[in-house]
Each structure stands twice: as structure tokens, then as C-alpha cells.
Amino acid sequence: MASKQRVCIIGSGNWGSAIAKIVGANAKNLDIFEDRVTMYVYEEMINGQKLTEIINKTHENVKYLPGHKIPSNVVAVPDVVEAAKDADILIFVVPHQFIRRICSTLLGKIKPNAYGLSLIKGFDKKEGGGIELISHIISRELHIPMSVLMGANLAAEVADEKFCETTIGCKDKTKAPILKDLIQTSYFRVVVVEDCDSVECCGALKNIVACGAGFVEGLGLGDNTKAAVIRLGLMEIIKFVDVFFPGGKLSTFFESCGVADLITTCYGGRNSKVCKAFVTSGKSIEQLEKEMLNGQKLQGPFTAEEVNYMLKARNMESRFPLFTAIHQICTGELHPSKLIDCIRCHPEHMMNFDVPVNEISSPKCHL
């Protein structure tokens, strides 16, 4: 009989805590998993008490997911090595800025046959003007196979057990059903595809578009204009994957990780809310992040900067005018009202929806 799979969640923000509700319950109820799930929690003091002690005593993350009970078999651990050392499955759900440091800490201290699932939405820079997918970084640094999970999954709604869908990108057909069993519930429907890079790119790039949607809302331009930003954003997402991570399937963009996540984030996510306030308040994005997010990190402006780093190095900014304009607004180079000029001038992308993304021929953008 195969040994039971041990699970560790690396991260405990609002999304990490919401996924802990699901993973904890499934681990307890399914025979293929060990009951005990460890969750790495960055230690903080809350009213004189350690956050890990509060979670383990009250089974609630009072800072990042207040009002929701985490299953009692989920154990908060302040040391990432201690949390991960016995795990067969490592679920990564931390801000992407911290992943290299976590990997360097874990290197050589996890099971050699462990494998990972990344819920992290973002890229990271690499030398020479490029960017790298977070799952690729984890896989290379820790020498483990990686899958990804992305979807229209606002953490508060998942925690409230409101029905939603998500997408797992997994190339290993033996691990795919295990990951699906670990994540799926009656209210959290999982679809598994093999197109991992496209799934992950969608999760990162939609946060840039959400910033644009927030700017539009802050300018009071209405839902028609926001819809234009969302549509053009989707086209740039598809084109970006085609250019930089070729080989994907167009159908992936119509899973939860694609158009559904894009719509949800543009209407209800933190990036759109903060960027709306950026326009209406006159405050900096950094100041608003501190005031509005209760310690959470804003991914959109950071991802826009990383994407622009690569586009600029390759002289390709004009081919992605929406991404470029949003980055320039975030950095103060462009006034938010100038985003509309980008929308007016944005070239059409003629798509054939019956062929893989890498077979689509779309004209270059000329502004």
C-alpha cells in the first residue's frame, strides 16, 4: 500500500488561508493524504500574541482571513524548513517577490521526491532583459516538478464557499488526479490542463489589465470603456504568451485561469481597487497599498514593471501598448487619462480560434 501524501502550504495570507480551508478538509477526509497539514506562517505579533499561536489556538487567521475557521488539522509553523521538511506536496502561495529567498532556504531540506503546486501570480526578472515564470524558478532552484493553479478565485469568496472554478496546469498525468483530489470541493470546481505556462501567464498578466480597469473606473469613464480595456488586455495576454512562451493552446484562455479570472480581477480584485483610488485620491500606489491592503502586496504594478523590463530590452513596447501605458501610469510617466489614447490607437488582432496559439498570425502593432 502506498504511503499517504503529506502536504505543506507555504504562505498564509488571505489566499493561502482560504486554500488551507480546502486542503485541510480534503486531507482529513481522503485516505490518500495524511491528516496533518503544515502551513508556513511568517511570524507577526498581533496584540501581543504570535500569529502562529493564535491560528493554532483559535483556528483562525485573524489578520489575513478573519471570520473564517481553518480546519484544526492545519498546523501553523513559523519556520519554513520545519513546515516543509516531511512534505510530499508543497503548495506555494506567497508574494512572488519572496520566492527566491524561500527557495534558497529550502534547498536540500525537502524530500527528494517532493513536488509542488504554485498559486503565485507573477514573474521575476532575470539578467539580460528577460523574465521568468515563478514555477520555473521553484522547479530549477529546488529540483522538483511543478504544477500551477490559477483561476477566478477571489480569496474572500472562496473562503465563503461561494461556487467558483479554477484551473490546474499539470503535465504529469500521474500527479494530476492527486492534485485535483486535494483541491476540488463541491463549491470549488477544478479543471486540469497540460498547458502550464499559459495558465501561469494568465494569472500574472491579468493583474496588469486590472490596473487599467481601475484607472478607467477612477476616471469615471464607465463600463463600456472598462470592457474595452478588458478585451484589449485579453488580446495582449494571448499575444504575449504566443511571443514569449509559445506552444500553448488557445482553449486555455477560455478556462477559469483566462477570461474568467481577468473579468473577476478587473471588477473585484485588489489591483483594480487600489488603482481606482490612485486616480481619485492623488496618493501614490505605495501609500495606498499600505493603507488599503492590511499587509498584503499589490501584484499588478510590480508585474507591469517586470513585463516592461523585458519588452523594453527587446524594443517591443509598441507591440503591447496597453501593458506599456499601464506601466507608465503606475510609475508616474503618464497621466491616467492618457490610457484612452492607447485604447483609441490600439491595433486590431485578427485571430483564428481554431488553431493553437503558436500558429496564430497577428500583425505587429504600429503606433
- [ ] Report yes or no: do I120 and L205 belong to one cluster of Ile/Leu/Val/Met/Phe/Trp/Tyr joined by side chain heavy-atom distances under 4.5 Å?
- [x] no

Open item on the list: Restricting to non-hydrogen atoms, name the atom on T38 and the atom on A83 that form the minimum distance, rounded to 0.1 Å.
Closed with: OG1-O, 2.7 Å

- [ ] Measure the shortest side-chain to side-chain distance between K283 and M292 over non-hydrogen atoms and say whether it is less than 4.5 angstrom.
- [x] no

Task: Nearest non-hydrogen partners of D261 and N153, listed with the distance - done: OD1-N, 4.5 Å

TODO: Output the distance between atom CD1 (I137) and atom CZ (R100), rounded to the nearest 0.5 Å.
DONE: 4.0 Å

Open item on the list: Quick check: closest heavy atoms across C196 and V148, and the distance to 0.1 Å?
Closed with: O-CG2, 3.7 Å

Open item on the list: Testing the basics here: between M150 and L119, what is the closest heavy-atom pair and its distance to 0.1 Å?
Closed with: CE-C, 4.1 Å

Open item on the list: Within a 6.0 Å radius of atom OH on Y42, are there more than 12 heavy atoms belonging to other residues, nucleotides or ligands?
Closed with: no

TODO: Could you walk me through whether H143 and L107 pass side chain to side chain contact (heavy atoms under 4.5 Å, CB included), step by step?
DONE: CA-CA 9 Å; H143 314 296; L107 181 60; 4.0 Å; yes

Open item on the list: Tell me whether K175 at atom NZ has more than 12 heavy atoms from other residues, nucleotides or ligands lying less than 6.0 Å away.
Closed with: yes

Open item on the list: Are M146 and V193 linked, directly or through intermediate hydrophobic residues, by side-chain heavy-atom contacts shorter than 4.5 Å (ILVMFWY only)?
Closed with: no

Task: Spacing of S17 atom OG and I70 atom CD1 [to the nearest 0.5 Å] - done: 4.5 Å

Task: Sub-4.5 Å side-chain heavy-atom contact between I54 and N61 - done: no

Open item on the list: I'd like to know whether E43 forms a side-chain hydrogen bond (donor to acceptor under 3.5 Å, both in side chains) with T52, so could you lay out the CA-CA distance, the side-chain angles of the two residues, the decisive distance to 0.1 Å, and finally the verdict.
Closed with: CA-CA 7 Å; E43 193 70 278; T52 52; 2.7 Å; yes

Task: Between S135 and E200, a side-chain donor and acceptor under 3.5 Å - done: yes

Open item on the list: Taking the side chain as everything from C-beta on, heavy atoms only, tell me whether F33 gets closer than 4.5 Å to V23.
Closed with: no

TODO: Please work out which of the three classes, parallel, tilted or perpendicular, describes the rings of F240 and F245, given edges at 30° and 60°.
DONE: tilted

- [ ] Would you check if Y267 and D223 make a side-chain contact, meaning some heavy-atom pair closer than 4.5 Å?
- [x] yes

Task: D181 and N26, any side-chain heavy atoms less than 4.5 Å apart - done: no

TODO: Report, as yes or no, whether the 6.0 Å neighbourhood of atom NZ on K111 holds more than 12 heavy atoms from other residues, nucleotides or ligands.
DONE: yes

TODO: State, with a plain yes or no, whether a side-chain heavy atom of Q328 is found less than 4.5 Å away from one of K338.
DONE: no

TODO: Any chance you could measure C164, atom SG, to L154, atom CG, to the nearest 0.5 Å?
DONE: 8.5 Å

- [ ] Give, for atom CG of L234 and atom NZ of K206, the distance between the pair rounded to the nearest 0.5 Å.
- [x] 13.5 Å

- [ ] Begin from the C-alpha positions of M316 and V243 and carry the test side chain to side chain contact (heavy atoms under 4.5 Å, CB included) through to its verdict.
- [x] CA-CA 11 Å; M316 295 180 70; V243 172; 3.7 Å; yes

- [ ] Start with the C-alpha distance between N271 and Q299, add both sets of side-chain angles, then the distance that settles side-chain hydrogen bond (donor to acceptor under 3.5 Å, both in side chains), and finish with yes or no.
- [x] CA-CA 7 Å; N271 290 281; Q299 298 298 315; over 6 Å; no

Open item on the list: How about NZ on K125, more than 12 heavy atoms from neighbouring residues, nucleotides or ligands closer than 6.0 Å, or not?
Closed with: yes

- [ ] Begin with the C-alpha distance, continue with both residues' side-chain angles, and end with the deciding distance and a verdict on salt bridge (charged side-chain N to carboxylate O under 4.0 Å, His left out) for R6 and D86.
- [x] CA-CA 7 Å; R6 297 177 183 269; D86 295 323; 5.4 Å; no

Task: E60 and H68, any side-chain heavy atoms less than 4.5 Å apart - done: no

Open item on the list: I'd like to know if L117 and V199 are part of one continuous hydrophobic network [Ile/Leu/Val/Met/Phe/Trp/Tyr, side-chain heavy atoms within less than 4.5 Å].
Closed with: no

- [ ] Say whether Y40 and I110 are linked into one hydrophobic cluster, either directly or through other cluster members, by side-chain heavy-atom distances under 4.5 angstrom.
- [x] yes

Task: Path from I131 to I237 over hydrophobic side-chain contacts below 4.5 Å - done: yes

Open item on the list: Could you tell me if the side chain of W15 sits less than 4.5 Å from the side chain of V158, heavy atoms only?
Closed with: yes

Task: E165/R189 ion pair, N-O < 4.0 Å - done: yes

TODO: State, to 0.1 Å, how close A176 and V192 come at their nearest heavy-atom pair, and which atoms those are.
DONE: CB-CG1, 3.9 Å

Open item on the list: Working note: E194 + K249, criterion salt bridge (charged side-chain N to carboxylate O under 4.0 Å, His left out); need CA distance, chi angles, decisive distance, verdict.
Closed with: CA-CA 9 Å; E194 294 184 8; K249 295 180 180 179; over 6 Å; no

- [ ] Mark yes or no for whether S256, through its side chain, and A152, through its backbone, hold a donor-acceptor pair below 3.5 Å.
- [x] yes

Task: Shortest non-hydrogen contact between C211 and I326, atoms and distance - done: CB-CG2, 3.8 Å

- [ ] Dump the intermediate steps for salt bridge (charged side-chain N to carboxylate O under 4.0 Å, His left out) on K162 and E157, then the final yes or no.
- [x] CA-CA 6 Å; K162 295 176 180 177; E157 294 185 13; 5.3 Å; no

